[in-house]
*Asks:* 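Please read through the structure below; I'll follow up with questions.
No experiment lies behind these values; they were computed from the predicted model shown. FYI, side chains are in, hydrogens and waters are out, and symmetry mates aren't considered; it's all heavy atoms of this structure.
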Amino acid sequence: MNVIIVGCGRMGSHLARQLSLNGEHVTVVDSDQQALDRLGPAFRGARVCGAALDRTVLLAAGIERADALVALTDSDDGNAVLARAARVLFRVPRAIARVYDPRKAEVFLRLGVQAFSTIGWGVNRIVEALHAAQWSSHTSLGGGEVELLEVTLPASLAGRCPGDVERDGEVQVVAVTRHGKTFLASPGALFEEGDALHVAVAGGGAASLTALGIG
């Protein structure tokens with residue numbers, strides 16, 4: 001995979017090194033040559049110094065051959081513009097923008113830009129860590145506003161149905177794993193002790209799970 005990373009700060013440099021170690025072809029773009037130099041001699045990818053919003057710089061980075069672009073500059077709006085330009089103008093199959101403001105992540109997603117909020121993502125990771133003994137995260141959806149969790153069913157909920165766990169706009173049971181097999185959760189299905197629930201959680205959903213004795 002050919003990946004362009006725009007922004008060689010802490011996240012950009014760590015991502016570049018990891019992808020390079022994984023065997024991906026990585027090109028890092030930054031306007032600061034010293035930031036690029038800090039990637040070190042072990043980094044096997046390419047480095048391009050220049051302003052990423054400059055078409056010639058993007059072309060020099062190989063954007064016409066890129067499979068993905070990740071925008072990690074300090075500018076929320078700049079990252080969104082880069083990601084959208086990569087998708088629309090250069091037909092890059094996947095473009096991702098990092099934003100600091102969770103509200104902007106929601107706006108950019110509605111505009112078709114795949115964005116994630118470091119704040120929203122970080123908060124969800126902390127909540128997950130606090131409850132790690134009883135649930136784990138499969139993935140974040142959108143800008144981190146929705147989490148898909150795998151939840152161990154408390155014995156007290158055996159014999160109950162998804163409607164007893166779900167909360168409108170906060171918690172929705174998506175599937176159940178029982179004896180190694182996973183199936184979609186139907187409204188009338190009854191939980192059994194030992195079930196693992198796959199639950200979509202949004203907003204204050206974690207508090208609702210805790211109130212139910214999960215976590």
*Asks:* Less than 4.5 Å apart, any side-chain heavy atom of F90 and any of L69?
*Replies:*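 F90 vs L69: side chains apart.
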*Asks:* Looking only at non-hydrogen atoms, find the nearest pair between A16 and F43 and report the distance.
*Replies:* O-CE1, 3.6 Å
*Asks:* State the CG-CZ distance between L82 and R87, to the nearest 0.5 angstrom.
*Replies:* 14.5 Å
*Asks:* Taking atom CD of E166 and atom SG of C161, what is their separation to the nearest 0.5 Å?
*Replies:*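 The distance works out to 8.5 Å.
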*Asks:* Provide the closest heavy-atom pair for V29 versus A61 in the form atom of the first, atom of the second, distance.
*Replies:* CG2-CB, 3.7 Å
*Asks:* Any sub-3.5 Å donor-acceptor pair from D195's side-chain atoms to R178's backbone N or O?
*Replies:* no
*Asks:* Just do the side chain to side chain contact (heavy atoms under 4.5 Å, CB included) check on F183 and T177 with the steps written out, would you?
*Replies:* CA-CA 7 Å; F183 53 90; T177 296; over 6 Å; no
*Asks:* Are the side chains of E64 and L59 in touch, meaning some heavy atoms are under 4.5 Å apart?
*Replies:*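 Heavy-atom side-chain distance check passes, below 4.5 Å.
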*Asks:* If I take atom CG from residue L72 and atom CD1 from residue I5, how far apart are they, to the nearest 0.5 angstrom?
*Replies:* 7.0 Å
*Asks:* How about CZ on R47, more than 12 heavy atoms from neighbouring residues, nucleotides or ligands closer than 6.0 Å, or not?
*Replies:* yes
*Asks:* Give the intermediate values and the outcome of side chain to side chain contact (heavy atoms under 4.5 Å, CB included) for residues I96 and R94.
*Replies:* CA-CA 7 Å; I96 302 171; R94 178 168 295 179; 4.2 Å; yes
*Asks:* Out of curiosity, does F116 fall in the hydrophobic cluster containing V92 (side-chain heavy atoms, cut-off under 4.5 Å, transitive links)?
*Replies:*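 They do not share one cluster, since no chain of ILVMFWY contacts under 4.5 Å joins V92 to F116.
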*Asks:* Which atom names give the shortest non-hydrogen contact between G159 and L190, and what distance separates them?
*Replies:* O-CD2, 3.5 Å
*Asks:* Would you indicate whether the side-chain heavy atoms of F191 and V165 approach each other to under 4.5 Å?
*Replies:*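 They are in contact (side-chain heavy atoms under 4.5 Å apart), so the answer is yes.
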*Asks:* For residues V48 and M11: do they belong to one hydrophobic cluster (side chain heavy atoms under 4.5 Å, members Ile, Leu, Val, Met, Phe, Trp, Tyr)?
*Replies:*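 In one cluster: no.
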*Asks:* Can you tell if the side chain of L157 reaches within under 4.5 Å of the side chain of D164, non-hydrogen atoms only?
*Replies:*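 With C-beta onward as the side chain, the pair stays apart.
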*Asks:* Taking a hydrophobic cluster as the set of Ile, Leu, Val, Met, Phe, Trp and Tyr residues connected by side-chain heavy atoms closer than 4.5 Å, whether directly or through intermediates, do V88 and V113 fall within one such cluster?
*Replies:* no
*Asks:* Would you give the length of the straight line joining atom OG1 of T27 to atom CD1 of I63, rounded to the nearest 0.5 angstrom?
*Replies:* 10.5 Å
*Asks:* Can we say D77 and K104 salt-bridge, meaning some charged N sits less than 4.0 Å from an Asp/Glu carboxylate O?
*Replies:*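 Here D77 pairs with K104 in a salt bridge, since their nearest N and O are under 4.0 Å apart.
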*Asks:* So, for A52 and V57, which heavy atoms are closest and what is the spacing to 0.1 Å?
*Replies:* CA-CG1, 4.4 Å
*Asks:* Take V199 and Q172 through the side chain to side chain contact (heavy atoms under 4.5 Å, CB included) test and state the conclusion after the steps.
*Replies:* CA-CA 6 Å; V199 184; Q172 182 172 332; 5.9 Å; no
*Asks:* State whether the side chain of D76 and the backbone N or O of V99 hold a donor-acceptor pair below 3.5 Å, judged by distance alone.
*Replies:* no
*Asks:* So which atom in P162 and which in A185 form the shortest heavy-atom distance, rounded to 0.1 Å?
*Replies:* CG-CB, 4.3 Å
*Asks:* When you measure from the side chain of R98 to the backbone of A115, do you find a donor-acceptor pair of N or O atoms at a distance under 3.5 Å?
*Replies:* no
*Asks:* Would a hydrophobic clustering, with Ile, Leu, Val, Met, Phe, Trp and Tyr connected at side-chain separations under 4.5 Å, put L21 with L19?
*Replies:*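 Different clusters.
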*Asks:* Taking the side chain as C-beta and beyond, is there a heavy-atom pair between I4 and V6 under 4.5 Å?
*Replies:* yes
*Asks:* Verify the neighbour count for atom CZ of R55: are there more than 12 heavy atoms of other residues, nucleotides or ligands below 6.0 Å?
*Replies:*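 Counting other residues, nucleotides and ligands, CZ of R55 stays at 12 neighbours or fewer.
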*Asks:* Compare every heavy atom of H25 with every heavy atom of N2, then report the nearest pair and how far apart it is.
*Replies:* OD1-CB, 3.1 Å
*Asks:* Return yes when atom CZ of R17 has more than 12 non-hydrogen atoms of other residues, nucleotides or ligands closer than 6.0 Å, and no otherwise.
*Replies:*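 More than 12 heavy atoms, drawn from other residues, nucleotides or ligands, come within 6.0 Å of this atom.
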*Asks:* Can you tell me how far the CG atom of N22 sits from the CE atom of M1, to the nearest 0.5 Å?
*Replies:*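 CE of M1 is found 11.0 Å from CG of N22.
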*Asks:* What's the spacing between L39 CG and R44 CZ if we round to 0.5 Å?
*Replies:*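 Spacing of CG (L39) from CZ (R44) equals 13.0 Å.
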*Asks:* Assess whether side chain to side chain contact (heavy atoms under 4.5 Å, CB included) is satisfied between L36 and V28, documenting all intermediate values.
*Replies:* CA-CA 8 Å; L36 294 171; V28 183; 3.7 Å; yes
*Asks:* State whether the number of non-hydrogen atoms from other residues, nucleotides or ligands found under 6.0 Å of E193 atom CD is greater than 12.
*Replies:*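 Check fails, neighbour count at 12 or below.
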